[in-house]
Amino acid sequence: MELAAKYNAAEVEDKWYAYWLAHKFFHSEPNEKDPYTIVIPPPNVTGILHMGHVLNNTLNDVLIRNARMHGKNACWVPGTDHASIATESKVVAKLKAMGISKEDIGREEFLRHAWEWKEEHGGIILQQLRKLGCSCDWDRTRFTMEPALSEAVINTFVYFYKKGWIYKGVRMVNWDPEALTAVSDDEVVHKDTQSHFYHLKYFISDGQGNPTDKYLVIATTRPETIMADAAICVNPKDERHFWLKGKKVLIPLINREIPVIEDDYVEMDFGTGCLKVTPAHDVHDYEIGLRHNLPVLEIIDDHGRLNEKAHILVGEDRFVARKKIVKMLEEAGNLLKVEDYTSPVGYSERTNAVIEPKLSAQWFLRMDTLAKVALETVKSGRTKFIPERYVNTYRHWMENAHDWCISRQLWWGQRIPAYYLPNGQFVVEATPEAALEAAQAICPDIKAEDLHQDEDVLDTWFSSWLWPISVFDPEMPGHPDHKPNKDLSYYYPTSDLVTGPDIIFFWVARMIMAGEEFMGREPFSNVYFTGIVRDKIGRKMSKTLGNSPNPLDLIETYGADAVRIGMLLCSSAGNDIFYDEAQIKQGAAFCNKIWNSYRLVKGFSVDPSVAQTPAAAAAIRWFDAKLSETVALVEDHYRKFRISDALMAIYKLFWDDYCAWFLEAIKPAFGQPVDPETYRATLGFFEALLKLIHPVMPFITEELWQNMEERQEGETIMYAAAPTVKPYAAGTLVDFELAEEAVNGVRGIRNQKNIGPKETLELKVKGAFPASVIPVIEKMGNVSMETVDGFGDAQGVGFMVRTYEMFVALSGLVNVEEEIAKLEKDLAYQQKFLSGVRGKLANERFVANAPAAVIENERKKEADSLSKIESLESQLKVLRNS
RNA sequence: GGGCGAUUAGCUCAGUUGGUUCAGAGCACCUGCCUUACAAGCAGGGGGUCGACGGUUCGAAUCCGCCAUCGCCCACCA
């Protein structure tokens, strides 16, 4: 097959992906080999691929392919998350566009639409991952809301309820007035927000509900909530407010009488020292209210509008009401002053609506024991975090974990299995039948239609925290007594998890909790936290900024291998990624380089009667060692999750060592054949390089590997054994490096003197230079080389390769003055260096304290420097005499 | 307000327990080359007092203190 001059990714990629699928190369079943398991961080079922996914899944794929080539039974379980809020809001928006509201059609009809939407858009992202080359075991694809996994979720709920860790309670929760649901503390983002501090006069009541002329002043950012005030609170130690003791004051505008109370919570030096207490609409006020037995008056409805209990501004949105009430207060003479004020305000992570603290009945899961156990998992190192510093973040959160609000006022999700009896009691059971039975134990004559299931669904994370267990054995989580099935026993605990640090609490921490609770051990050994993908000037990628490229377009243009490599080149663990298309171009260039090096090798004609050149023999010996050295380095990088370093090491091995040095050293003259031994070695190295880079660039490596020789149907580079480290003599590497430096020296002189590469030069070297690499220097530098005792008084240019003096004879081309100036500069540098070294050696304390090896090294530096100085001086002498 | 992390070449980052001529890599840049695998290429080259100051040490990019700037996480001062 003739190879095109340029690599065409598009032609190659679909072909091999189809081949891999057809042969089920990604599929894993338990066997006698060691498992290597990854569960995918399940993307939202209706999501589409963005650059963050590309980074994350490329890393996952590199790890899984690398493990596979190292003889592990590699299993990467894919799947999607039902993402209750995100998906529900998309469906709501779609229905809204059709003029339908979710309340109009009711739960069942809404869910029908939602499933329809899921069928239509769901799993697009999984198709896109195929384009990227991900080697997921598609036969194992899971969905967090598929029947088996939903059952696991329900069973888990029942399990914790019966254990007494799930309770229903009326609590102040974070209410999202747009999504119309409670959200957990972790779904609230606090942002400093410009607002105002309104100083309001509350007049003292005369006891009959009439204002006197005395007043106190409170400062608030939320004047629209004054109608819900239950008291004014001052610090009991605050002398300024002693006169208020036992007084009652009137709420402005509505003139309702409220008491003045005392509580330590109030800071004396903040604001005016008087706090308005609004138990229904502020978390702390609620707690003060509990302590002082204050009434709770809710004046804001679920949509964030004032209700009739506010008496005024009824029906107005809270922010509109704020503006209007300020004006009313001003007109009524209650507004003393307005200050600019910046304070942290909670926003819903999902809708960006300002969170309204709201009192409501919600379901909670106790976190104390779960968090304690899961903290120990990480502290003990059974689960390692990379980078390690995330352990601190984790510890802090775990030590302060609040109970988890797991109910959501949504429909898309697993419905809470609590069933209410007509008398308000409830039972929690996995099925309606079991619930009926339990209910009948309370009220014998109750019938199925008398029971009413809780309207709420569970937080999405309440299903994804089971993911590393439930994808293998959905029976397990809710039934810890259940014996794990074959898959779960084999694949659990999984090996590595690659995810973003933004979901360390939502997901990672909770998977560890569930893993410990149900399996008695950690769900994964390592968690590798990636950074956030930003554009090249550091902005987060977002739809509104339009700075996020479509990964599929990039794959189309540059090929999946190039996109993968481009993402990895700049991704050290835990650092944000500054995405730049230039990196992908670099990846594409690398593909092309690999492609063309293969074209060269494949174009060689082999002649058994030709003898191997000494240069080729030396190059083979060297590259063999170089390969082993690099493989060891790469494996070390992989162990430490330094994926970009591993990639860079292979990149340089391929480009610099193999292409620039090895191939050039063994390359026969144009039109000449190569000997069989060299050819075999060259192809062997090429194959090793393909295998080494395959985890990162799966497509081009498969294409070339298949092309190298006749392969059987069903063979693949995916399962080829990774190159191993072989012992080698250290001198092999050093000798070749000397040759490289000599060649570089000659090339430098050519460049400087404008001598073309085709003109053969004479190179002399003083002393015992390793003979085996001399042919390499002669070939690569286009020189004829000889070892001499001295350079005599020939005209030319000298240079040093480590301690070897080299000399290129150049009659007539040498500018004597220039050479002298250059040598003098070198000499001055050497003398300064030498005096530095000697200073050190003359320092008694250095000699007394430094380790012997260090001192020995200083002595060697001194000797080397002396010999260099000697050489420079003798060269100068020759030049000055000429 | 509390905590964590960062600051090294124009950019993105390495630099492992203080000591090999340790100040590095990739990209970018400059110069010269269309040399028969590759111009998505080849050869060569310039560029940083390692954020500031102070300290420990024979020796500091590396350890300590303080300051500055940036980023992230957590947090109920109305």
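Letters A, B, ... mirror the listed sequences (proteins, then strands); counts begin at 1. Keep in mind it's a predicted model, so treat the numbers as computed, not measured.
- Taking side-chain N and O atoms only, A/R845 has a distance below 4.0 Å to OP1 or OP2 of B/C58.
- At least one side-chain nitrogen or oxygen of A/Y341 sits closer than 4.0 Å to the OP1 or OP2 atom of B/A78.
- Of the candidates B/C73, B/A37, B/U35, the closest approach to any side-chain atom of A/P757 belongs to B/U35.
- The side chain of A/N849 places an N or O atom within less than 4.0 Å of a non-bridging phosphate oxygen (OP1 or OP2) of B/C58.
- A/W661 has no side-chain polar atom (N or O) that falls below the 4.0 Å cut-off from OP1 or OP2 of B/A43.
- Using a 4.0 Å cut-off, no side-chain N or O of A/K593 falls inside it from OP1 or OP2 of B/G41.
- Between the side chain of A/E664 and the base of B/A37, at least one donor-acceptor pair of N or O atoms lies under 3.5 Å.
- At a threshold of 4.0 angstrom between heavy atoms, the contacts of A/F578 are confined to the sugar-phosphate backbone, with no base atom among them.
- The one candidate from A/F686, A/F685, A/W655, A/F654 that meets the ring pair (Phe, Tyr, Trp, His ring centres under 6.0 Å) condition with A/F662 is A/F685.
- Between A/F385 and the choices A/F641, A/F529, A/Y390, the ring pair (Phe, Tyr, Trp, His ring centres under 6.0 Å) rule is met once, by A/F529.
- In summary, the aromatic rings of A/H396 and A/Y394 are positioned with their centroids too far apart to meet the 6.0 Å limit.
- Atom CD of A/E862 and atom P of B/G19 are 22 Å apart (whole Å).
- One atom, CD1 of A/I232, and another, P of B/A78, lie 16 Å apart when rounded to the nearest Å.
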Secondary structure string for RNA chain B (Watson-Crick or G-U under 3.5 angstrom, | for other-strand pairs): (((((((..((((.....[....)))).(((((.......))))).....(.(((..]....))).))))))))....
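- Nucleic acid contact class of A/S343 (heavy atoms, under 4.0 Å, all strands): sugar-phosphate only.
- In this structure, the NE2 atom of A/H190 is 18 Å from the P atom of B/G2, given to the nearest Å.
- The phosphate of B/A78 (OP1 or OP2) has no side-chain N or O of A/Y286 nearer than 4.0 angstrom.
- Of the side-chain N and O atoms in A/R642, one or more sit less than 4.0 angstrom from OP1 or OP2 of B/G15.
- The separation between A/R389 atom CZ and B/C74 atom C1' is 15 Å, rounded to whole Å.
- Taking every heavy atom of residues 260-273 of chain A and every atom of RNA chain B, pairs under 4.0 Å involve A/Y265, A/V266, A/E267, A/F270, A/G273, by number.
- Within residues 392-400 of chain A, the residues that have a heavy atom under 4.0 Å from RNA chain B are, in order of number, A/N392, A/T393, A/H396.
- Out of B/G41, B/A78, B/G44, the shortest distance to the side chain of A/W655 is found at B/G41.
- Residues A/N857 and A/K667 both approach RNA chain B. Their nearest nucleotides, taken by heavy-atom distance, put A/N857 toward the 5′ side.
- As a whole-Å value, the separation of A/D576 CG from B/G71 P is 12 Å.
- Distances from the side chain of A/F505 to the nucleotides B/G44, B/C72, B/C73 place B/C73 closest.
- In summary, A/E862 and A/K860 do not engage in a salt bridge, as defined by a charged side-chain N under 4.0 Å from a carboxylate O.
- Note on A/P851: a base of the nucleic acid sits closer than 4.0 angstrom, heavy atoms only.
- Remark: the backbone N or O of A/V217 is paired with a side-chain donor or acceptor of A/T272 at under 3.5 angstrom.
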